[in-house]
Novice: 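Have a look at this one.
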Amino acid sequence: MKLNSRAQSAQSPNNNSPIVLVHGLFGSLDNLGVLARDLVADHSILQVDMRNHGLSERSPEMTYRAMAQDLLETLDANGIEKATLIGHSMGGKAVMALTALAPERIDKLVVIDVAPVDYDVRRHDEIFAAINAVTEAGAATRQQAAPVMREYLDEEGVIQFLLKSFVDGEWRFNVPVLWDQYAEIVGWDPVTAWPHPTLFIRGGNSPYVTDAYRDTLLAQFPQARAHVIAGAGHWVHAEKPEAVLRAIRRYLADNAI
């Protein structure tokens with residue numbers, strides 16, 4: 001499917017490849033806006049709503065091959081021959097899956113706080129419980145939804161992140177499908193090695209990218225380089241945006257053609 005997207009032209013004319021920003025689970029195209037606002041200075045930017053999120057189409061399927069195909073069709077629809085892909089969490093896995101589907105369409109690759117592994121763990125059950133509680137309570141506004149969510153979630157930042165997708169009393173992600181397909185979302189089918197420089201950014205306090213995954217990661221991305229942002233968790237780009245942008249810009253400069 002062609003994804004709902006927002007395109008911005010680079011503020012200064014150049015030959016840099018466009019950048020596609022891909023959000024994670026429960027997100028939307030706005031989530032990586034802090035990166036877009038900086039990178040648009042010298043790159044055209046495309047932000048997307050992944051399937052079953054935001055204003056993109058709904059589907060019962062949430063495999064990474066399907067999500068990679070969505071990205072490919074969206075590149076085609078926007079006339080983008082080759083792009084730099086930056087993805088966070090679920091979005092990071094989707095852009096890694098694209099290396100197997102259409103490696104020739106990727107200029108550079110940045111993966112934020114996720115590894116190419118099957119995590120086989122449920123980290124979001126409390127979030128699902130909070131989301132369903134809001135629906136069951138009949139909340140119509142974010143102000144009404146927030147106290148309901150606080151009964152299930154302690155992190156105010158997570159609550160506010162989720163509420164960005166609560167509009168007119170409805171969630172802008174497909175809750176039943178995300179629950180049903182959760183094993184696919186946390187899972188992973190290994191991809192053929194992508195032999196190009198790849199930047200992995202991880203939060204120092206995050207459990208998503210650890211030394212235990214090093215060999216598996218390098219088998220699929222043998223030229224990977226890791227950059228750890230100290231004092232940050234899984235939403236590292238929201239917690240430490242300047243540090244994340246410095247790492248991205250250094251990678252783009254070091255690997256310029």
Side-chain angles (χ1 to χ4, degrees), residues 21-28 30-36 38-39 50 53 62 64 67 85-97 99 108-131 149 152-165 173 178 182-188 190-191 197-221 223-251:
L21 297 170
V22 188
H23 67 79
L25 181 61
F26 302 120
S28 72
D30 289 324
N31 291 155
L32 299 180
V34 66
L35 305 184
D38 181 275
L39 295 169
M50 297 299 279
H53 291 76
M62 280 298 288
Y64 284 108
M67 286 186 255
L85 279 293
I86 301 176
H88 171 247
S89 198
M90 182 189 79
K93 283 189 167 181
V95 301
M96 287 189 283
T99 67
K108 300 177 184 71
L109 192 66
V110 179
V111 179
I112 301 177
D113 211 64
V114 76
V117 300
D118 182 345
Y119 287 105
D120 193 26
V121 63
R122 299 191 67 90
R123 289 193 173 101
H124 298 89
D125 284 358
E126 290 179 348
I127 287 178
F128 278 111
I131 288 168
M149 300 183 79
Y152 297 84
L153 302 171
D154 296 328
E155 295 181 65
E156 189 64 23
V158 174
I159 292 170
Q160 295 306 316
F161 160 75
L162 293 166
L163 286 174
K164 290 179 181 178
S165 292
F173 36 72
L178 298 183
Y182 188 78
E184 293 283 355
I185 296 168
V186 299
W188 180 250
V191 295
T198 306
L199 175 63
F200 283 80
I201 297 175
R202 57 167 287 207
N205 299 333
S206 172
Y208 281 81
V209 185
T210 68
D211 290 343
Y213 303 136
R214 176 182 172 84
D215 290 346
T216 303
L217 188 156
L218 288 174
Q220 297 168 82
F221 297 91
Q223 290 201 52
R225 186 176 81 197
H227 185 89
V228 181
I229 308 292
H234 184 54
W235 282 274
V236 56
H237 56 284
E239 297 173 47
K240 304 273 188 175
E242 293 179 358
V244 170
L245 282 162
R246 280 196 300 272
I248 291 172
R249 286 199 167 278
R250 189 179 308 119
Y251 161 75

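All values below were derived from every heavy atom in this structure, side-chain atoms included, with hydrogens, water molecules and symmetry-related copies excluded.
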Novice: Could you check whether any side-chain heavy atom of Q223 comes within less than 4.5 Å of a side-chain heavy atom of P197, counting everything from C-beta outward?
Specialist: yes
Novice: So do V186 and D120 actually touch side chain to side chain, heavy atoms under 4.5 Å?
Specialist: no
Novice: Below 4.5 Å, heavy atoms only, C-beta onward: do I86 and I112 meet side chain to side chain?
Specialist: yes
Novice: Backbone N or O of G233 within a donor-acceptor pair of the K240 side chain at under 3.5 Å?
Specialist: no
Novice: Begin with the C-alpha distance, continue with both residues' side-chain angles, and end with the deciding distance and a verdict on ring pair (Phe, Tyr, Trp, His ring centres under 6.0 Å) for Y208 and Y119.
Specialist: CA-CA 8 Å; Y208 281 81; Y119 287 105; 5.5 Å; yes
Novice: Would you check if F173 and I131 make a side-chain contact, meaning some heavy-atom pair closer than 4.5 Å?
Specialist: yes
Novice: Can you tell me which residue among D154, L153, I127 is in a side chain to side chain contact (heavy atoms under 4.5 Å, CB included) with I159?
Specialist: L153
Novice: Please round to the nearest 0.5 Å and tell me the distance separating atom CG of N31 and atom CG of L21.
Specialist: 10.5 Å
Novice: Side chains of I201 and Y251: closer than 4.5 Å at any heavy-atom pair?
Specialist: no
Novice: So which heavy atom on V95 is nearest to which on G87, and how close?
Specialist: CG2-N, 4.2 Å
Novice: Judged by atom type as modelled, is there a donor-acceptor pair below 3.5 Å linking the side chain of H23 to the main-chain atoms of L32?
Specialist: no
Novice: Would you mind reporting whether L178 and M62 have side-chain heavy atoms less than 4.5 Å apart?
Specialist: yes
Novice: Do the side-chain N and O atoms of W188 and Q220 include a donor-acceptor pair separated by under 3.5 angstrom?
Specialist: yes
Novice: For a side-chain contact (heavy atoms from CB on, under 4.5 Å) check, start with the C-alpha distance between L162 and M149, then their side-chain angles and the critical distance, and finish with the verdict.
Specialist: CA-CA 10 Å; L162 293 166; M149 300 183 79; 3.6 Å; yes
Novice: Which heavy atom in P241 sits nearest to a heavy atom in V34, and how many Å separate them?
Specialist: CB-CG2, 3.6 Å
Novice: Would you check if V236 and R202 make a side-chain contact, meaning some heavy-atom pair closer than 4.5 Å?
Specialist: no
Novice: Is a side-chain donor or acceptor of H53 paired with a backbone partner of F26 at a separation under 3.5 angstrom?
Specialist: yes
Novice: Atom CZ of residue position R214 - does it have more than 12 heavy atoms of other residues, nucleotides or ligands inside 6.0 Å?
Specialist: no
Novice: Once you round to the nearest 0.5 Å, how far does CG of N205 lie from CD1 of I229?
Specialist: 11.5 Å
Novice: Under 6.0 Å between the ring centres of Y152 and F128?
Specialist: no
Novice: Is the closest side-chain heavy-atom distance between D113 and W235 below 4.5 Å?
Specialist: no
Novice: H88 side chain to H234 main-chain N or O, any donor-acceptor pair under 3.5 Å?
Specialist: yes
Novice: Which heavy atom of S28 sits nearest a heavy atom of S165, and at what distance?
Specialist: CB-OG, 4.4 Å
Novice: Going through the distances and angles, do D38 and R249 end up as a side-chain contact (heavy atoms from CB on, under 4.5 Å)?
Specialist: CA-CA 10 Å; D38 181 275; R249 286 199 167 278; 2.8 Å; yes
Novice: Against I185, only a single residue in M90, K93, H124 fulfils side chain to side chain contact (heavy atoms under 4.5 Å, CB included); can you say which?
Specialist: M90
Novice: For a side-chain contact (heavy atoms from CB on, under 4.5 Å) check, start with the C-alpha distance between V191 and M96, then their side-chain angles and the critical distance, and finish with the verdict.
Specialist: CA-CA 8 Å; V191 295; M96 287 189 283; 5.6 Å; no
